[in-house]
Amino acid sequence: MRRLSLAVALALPIAASAATPMSYLRTFGPAGDPGTALGYGLGIVSIVVMVVVTVLVLAGIYRKRPRPASARELTVSRDEGGLPWIYIGVGVSTLVLIACAVWTMLTVAAVAMPAHAAGLTLQVNAAQWWWNVRYRNAEPLQVFDAPNEIHIPVGRPVRIELTSSDVIHSFWIPQLAGKMDVIPGQTNVTWLQADRPGVYRGQCGEYCGVQHAHMSMYVVADAPEDYAAWAARQRAPASSTVAAALVGGQQAFVRNCGACHAVRGTGAGGILGPDLTHLKSRRTIAAGMLPNTPGNLSAWIANAQALKPGCRMPTMALSGPELSAIVAYLDTLH
Amino acid sequence: MQRIRAHLISAPSTEARDRCRDRLRASAVASGSLLALALIALPLAADAQGATPAAQGAASAPAASASATTANFAPNDPPGEWHSQARDYANTRFSPLADVNAGNVSRLKVAWTFADGTQNGHEAAPLVLDNTMYLVTPFPNISYALDLTKAGAPIKWSYAPNPTPVAIGKACCDTVNRGGAYANGKIIYNLLDMHTIAVDAKTGKEVWRTKMGDVTHGETMTMAPLVVGNKVYVGNSGGELGVWGWLAALDVDTGKELWRAYSTGTDEQVKIGPDFKPFYSWMKGKDLGKTSWPPGMDRTGAGSVWAWVSYDPETNLIYYGTSNPSPRVPAQRPGYNLWTSAIFARDATTGMAKWAYQFTPHDQWDYDGVNENVLIDVNFQGKPRKALIHFDRNAFAYLMDRTTGEVLSAEPFAYQNWSKGIDLKTGMPIVVPEMQPRPNVKLPNVCPPDIGGKDWQPSAFSPRTGLVYAGIFNICMDVTDHPQSYIAGTPYDGMEMKRFAAPGGNWGEFMAWDPVAGKKVWSIKEKFMTMSGALATAGDIVFYGTADGWFRAVDARSGKVLWSYKLGSGVIGQPMTYLGPDKRQYVAVYSGVGGAAMVSSKMPGFPPRGGTLYVFSIDGESPHSAAGMLQTEGGAAAARQDQGMGGKP
Amino acid sequence: MSITRRAGALALVGAGALLLASCGRSEGDSTTAAPPQASPSMEAIAAVPLGDLAGAAESHLAATIPNPYRDDPQAAQQGHELFVRMNCAGCHGYGATGGMGPNLTDAYWRYGGAPVQIFKSIHDGRPQGMPAWNPALPPQEIWKLVAYIQSLGGSYSAGQFQASLQGDRAGDNVAPEVQPTLSGAAASAPTAKGADNSSANAEARPDAGGPPPTGKP
Amino acid sequence: MAAVLTGTDALRVPVIARPADDASIAPRLDRIWETRKGLLGTLSSVDHKTIGKRYLVTAFLFLLIGGLEAAVMRAQLARPNETLLSPEQYNQLFTMHGVTMIFLYALPVLSGFSNFLWPLMLGSRDMAFPRLNAFSYWLFLLAGIFLYVSFPIGRAPDAGWFNYVPYSSLQYNPGINIDVYALGMVLLGLSTTVGSINFVVTLIRTRAPGMSINRVPILVWGTLTASVGNLFAVPAVSLAFLMLWMDRRFGSHFFDVAGGGQPLLWQHLFWMFGHPWVYAVVLPAMGIVSDGLPTFCRRPLVGYTAVALATVTTMVLGFGVWVHHMFATGLPPISLSFFSAASFVIVIPSAVAVFAWIATIWTGRPQFTTPFLFFAGFIVVFVIGGVSGFMTAAVPVDTQLTDTYFVVAHLHYVLIGINVFPVAGGIHYWFPKFTGRMMGERLGKWSFWIMFIGFNLGFFPMHIAGLLGMPRRIYTYPSGLGWDSVNLVISIGAYVFALGVLLFVINVWRSARHGARAGENPWDAPSLEWATPSPPPAYNFAVIPTVASRYPLWEDRLTGHQGHSSTSQGMLLDNGRETIGTSALDAVPDVILRMPGDSFAPLLLSIALAIAFAGMLIHSWWLFGIAAFISAIASIAWLWPEARLGQTTEIVRDRA
């Protein structure tokens, strides 16, 4: 069944390429693949049923019939006939349904738990309109937070514990696994695994407010050693000794932004907004909305409400030089 | 009713009976809210204001013979004087004076009083030496010297150090001060705005002032310094504001800082060296003060030192406790969060840690470990042990071997439901899983609350009875955690609480505890929190005060209340006793409610604030207790008239 | 049949117009975006003196700067969230009933209880330990905190700048000599005290201000 | 059918008459049943035909409003990063689009059909409770206005029609937006419930003699099933909304996590109502097709019994599948599997209906009229919607599909496909009965083809957008995700479909004035309503007809039935407004039902209730008190026993 569905996948005009990062017509991990195969199976059944019914209706309408004696004449003399249609049609449908139901139950079992225990546990907390990810570790000193861009080692299952600090969201990386809602007051658990290194885009799947549309995130699957190097860099605090020119920017940052954002190693310890200790190591800012360039960064700080109306980031009352000093300082946070 | 109460406070039992008791307590608590309401009404009605509450508990024969448990009362100050808050290095608060005894204690009357003009929590005890009494007030921390030789103890000198008002907004739990210490002719005490000062005892002039930290970052100082030899040991407070806790030693004559030992951070910062031998394996390791924290959180991890330091001259070790970890929301700081809510034993000279023990690893309920450590020598399970008794905020009374840090016994002394007990093999508490708070979800009925089964109010030990006397609480709380950002100078705790009386309906209790047997001998239930220090005297009388202003004397052996007196405001100070110039025994205590006792300030009957020192003596006698007429050169007549009116000695 | 059809047509046209009109005016999106009313300039706020402290000039400036978010329930809700997340609850208590910091629900205001005075207390900080939130919180976020505090009922309305300083309460008895001619009565004061009651909303008496607790939103 | 005559008037023998012989019958019945002219008559009328038409017109009005909202949304989504609407405006629009279409159009339009047609189809003079019928319409109209009251001031409900907590709780939605929705839905729930009661009792008690349960048209089966379903489902959602309102305004903690409440409780309560509701809005429409298609295939429906039982089975199973809306909420896999299996099984009854229609077409002789085109087009669209639903029944596939545009495609195929197309066909089919005129065939065919092509052009690409990962309810999307062109096509298709609907409305508007006059039975249809004049008089039937078969008007051309249905001779029942009450299964007449006349009580009670709910909305308790008092007065006036309506006349059934 798998080979057939894959063959069909390639035939479909929408090839799963970088042009459609959110398409789940192709998935790249054991948490999603069984579901995708089942999806193709049911898709094919659906298309067949559509075609068959359309053909039957059209044939039924346009088939040759003897001309009636008069317009009033009925085609039957007794209220009977045509029942075999129902027996055959419903019979075939029921058989197909039972087959699909059994295949579904098998797939549910296949994706419920990873084959072997997950080495890495991520605690993903959804808040109105961004994702905080805590990389759990038996050693407390190895625990660190990094928002929106999730790095995982390739080929290994990753257990994800989902908590929400406000409304219901939904954690969804289409090309790796199905979505799992994030319900406040309880911890939902899901897992995913990337078999191929690369960047997988995800987005919040449950309506959660005015900026539900811009609450995306990326999963970057690295080779295990690259992952370890990245994690080590993330654990390190920001260097407290800053070039003389940037000291003004750092102080301006701690003064203006320290209440909501944290940069480990400086006085800024806010957790209302994302941790910016390694801001430049990330591809995007504003929960995956803008590429991480100094231009976007200053536009975002100057007037976040214009780009993402209704988000919690207030429009900062910063003078021009202060803004450029802060952006210059943020540029050093690799 | 009697059976349940007896059961609740009965002696500790085997594991099985523990579980059974816990189940009984759990069921009591489960149906308890209605029952508790009834119980609150019951004692309220019955306990008519001021009636001496009946001493419950087994008024059995006096405890084991006096000789078994003793203590070293160095520096053995003259019996009639009182040079430091705890009177001795071992923190026993035992006075050898015996003039006031069971026979005449009921004749105690007010000899004279002194109002120091401030209204915040008065947690200190006066010092007495050379017939002069020295006082330190809460913010603005004015120090006074009163001349005891003259009638009515007039002011000899007063010194106003003028600490910055910014400190008012940074002191978590009222702008209090736990008193000063006398050494080398100087009165040494801490100011709220992070300065330690020394004032000349004779003239009241400032000798030196040392800045210990930056108050704008939320650090304050409220503890009473301990002076040993030429060193003054002080620590900071501010566990609620995310400070970095430490204990420092200053030179007594110059005020220069000699060394500073942090409570979290690398071994070098925590002054842990090669000879550091914690008793339990899970506290062995390198840089545990850093690795038991998420990266960077140890610098704002608190572990502040804001209460009592004891010293053992034989082993030259000082013992002190550290505060709760910061922020109070456990979800933000996975790991054991060493060395918060712990006890340190350090070499008094170099400050290097010899051993340490964490009472509450990964504390989730704000159980500081700062309560006093009374150094006593006991005969435990047949072997003589140099031990210490510590009533921790987590409601367990720890008897520990003070040379090795081994926990000999740990029994609950107040109602608690956060732990199933302390595993003596590993020294770890067994935490009840349902009692762990989760962010943004209300967790009902957690006992004891954040202020614990007992807070900083110091206990007293009497070698004559071998018992330790302490005021404890009987409180529970509903708690909700709110994850917090660290913003320097603002609170970094995040615990929203609603406190209420635990089963029994009484908020406070004064008890006698047998440290060797690890059980409560007798206890007196009080409607309000008993948050005053305790004072034990050779006359077998123990003094304590209640948050609604009663000052009581009880028989050290039977726990029978012999004498009560209603003071102007609640008592959270520490009673002390001294010998006046007329060789008469006086008992002094501050009244001025505040500090953590304000938790029950909404209850009917809670006293207003105040700031008055009360001094009692038998029949209220004091030197020239006549009308204190003006002494003129030819004032013999006036003096004679004095004699005439004065009552017969 | 015809009546209902004509009614139907009329309703259709009305509904269409209604729908288009509402699209333009929908101001539901005032969430954390710019406040509905214009924000007052910082200079105007700075000009408001701390109050009639000893020796300070008697305030005659019109200090009736209202809160731009004054009738926006979303702002009060977000002010409450900020109150918890910015650690204000640590000092002032989770119900803002006081702790280390003063109680914000009663009508006792050390530095003035009118919205602009509360704004300045937060923006500039106060001597006894209240930190200045000026750089960390931009003005419109501080105005949301003020909206939350106003929703607690203890603060004074914008026009009662004087009343909040002098502790006047609704319905308190006013001694004859300070009767309504108060605006001119303080002859000694060079500047007419009445200047400050030219506020937009006509409070009955300039200084014995209306009820301090503003109505619940 | 001899009735025993006794002395008193207790047992009265209904007179058997032939209207053809006595010309005075018609005017006399007219005087009894006609409603007064002018405004007073309009406001107090309880004639099921007037109420039916009002339901249809009001529902279509809401359809057009919902359509306008959709048009604006599609303008916003046509291009990436569009800024036509702010997020808050878009959220209010998509919520009101959902609420309007599902609550204010889908069921009311079917109530319109059923109110108008049931008495005619069942051979009765009116519904069982005429005043309750008027009350359900007025309450529906006022609830609709109530739901739109905060729209002009920009505070419309903005948490989606599903209104999940905690986003709809006070902490995240402090305005009155959600209170309007919650109270409006409770008000609407009242209207739906009383309407359902009315349909159920009408089916059981007021069928024409002889019309046994297996001879009622499928539209009646559909509406009956929908009504019984609503009686069980609507209380669940009214309870949920009441609990939400108390959470928001009175500090209860049903859904508040901090106080120990459960957000998932809301989802369970909502979808326990949600799924039965979507079946309630499609089963009557399937009934319309099952009654209309046979007429244009010139043969009775194939497998009447199978289709009737399938209709009931669908609703029964409909109560057991609600968790398939919640496959991604982290419920344990074992329980998800149960609901997944139930969701697979529920496809079977629908398959029965589809194959019955195909068999009817195959063995019949289709006539290419506009209604037939709508009914045939309906079958194809029904199956496409059905199979996309079948795909979401599988849990692992649904965790990808749910909350994407694939599900939006599915719901539009089933709701527009199974509700709007049959309704359009039904209006064309019964237009003669409604207005006495025929609808334009040429304009009809144009409107069908534009609607059909526009619909498929607009909504089929939504499947593709969903497969490409486009989530639901997003006010905009970045470019470069492959969604740009597919959204443009969807917007274009949506506008074409809107054009089709516009043409349909124009056709209705013109035909109502200038359409060709229609006779009693222009389509030579078999069921009883075609035995009445077009439009039918106020009293429907001069004499109560007797029914002897499932297709009364085709009895002359069909064999296999005993006796003859007759509308020319039957009980006269002209002593005031009367109709016959018959037994539940075999429709044996057993009581003469005296029907209440026109009354203002329903309107007064509706207005009072609406004002009471407005008082609750703005927390003005004196307003609520007064309105509640008026409601009590109105209810008492309504239920005040009138001697005239005393049910004293019993017909003793003949034991022969």
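Chain letters run A, B, ... following the sequence lines, proteins first and then strands; every chain starts at 1.
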Q: Pick from B:Ile487, B:Thr490, B:Thr291: which one has the most heavy-atom pairs with chain A under 4.5 Å?
A: B:Thr291

Q: Can you confirm whether more than 12 heavy atoms, excluding those of A:Met113, are under 6.0 Å from its CE atom?
A: no

Q: Tell me, side chain or backbone of A:Arg136 under 4.5 Å from chain B's heavy atoms, or both, or neither?
A: neither

Q: Just give me the residue among A:Thr277, A:Ile271, A:Leu272 that pairs up with chain B most often, heavy atom to heavy atom, under 4.5 Å.
A: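 Max contact count across the listed options: A:Ile271.
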
Q: Working to the nearest 0.5 Å, report the span between CG of A:Leu141 and CG of B:Asp298.
A: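 Reported value, rounded in 0.5 Å steps: 8.0 Å.
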
Q: Let me know if B:Pro295 has heavy atoms under 4.5 Å from chain A in its side chain, its backbone, both or neither.
A: both

Q: Select, from B:Ser292, B:Ala488, B:Gly242, the one with the greatest count of heavy-atom pairs under 4.5 Å involving chain A.
A: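 The candidate making the most pairs under 4.5 Å is B:Ser292.
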
Q: Drop me the distance from B:Arg438's CZ to A:Gln186's CD, to the nearest 0.5 angstrom.
A: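 B:Arg438 atom CZ to A:Gln186 atom CD measures 9.0 Å (nearest 0.5 Å).
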
Q: Can you tell me if CZ on B:Phe396 sees more than 12 non-hydrogen neighbours from other groups inside 6.0 Å?
A: yes

Q: Give a yes or no on this: more than 12 heavy atoms of other residues, nucleotides or ligands lie within 6.0 Å of atom CD of A:Glu139.
A: yes

Q: Which one wins on heavy-atom pair count under 4.5 Å against chain B: A:Ala268, A:Pro237, A:Ala259?
A: A:Ala259

Q: What are the two closest heavy atoms between B:Gly335 and A:Pro140, and how far apart are they?
A: CA-CG, 3.3 Å

Q: Using non-hydrogen atoms and a 4.5 Å limit, figure out which bit of B:Gln332 sits close to chain A: side chain, backbone, both or neither.
A: both

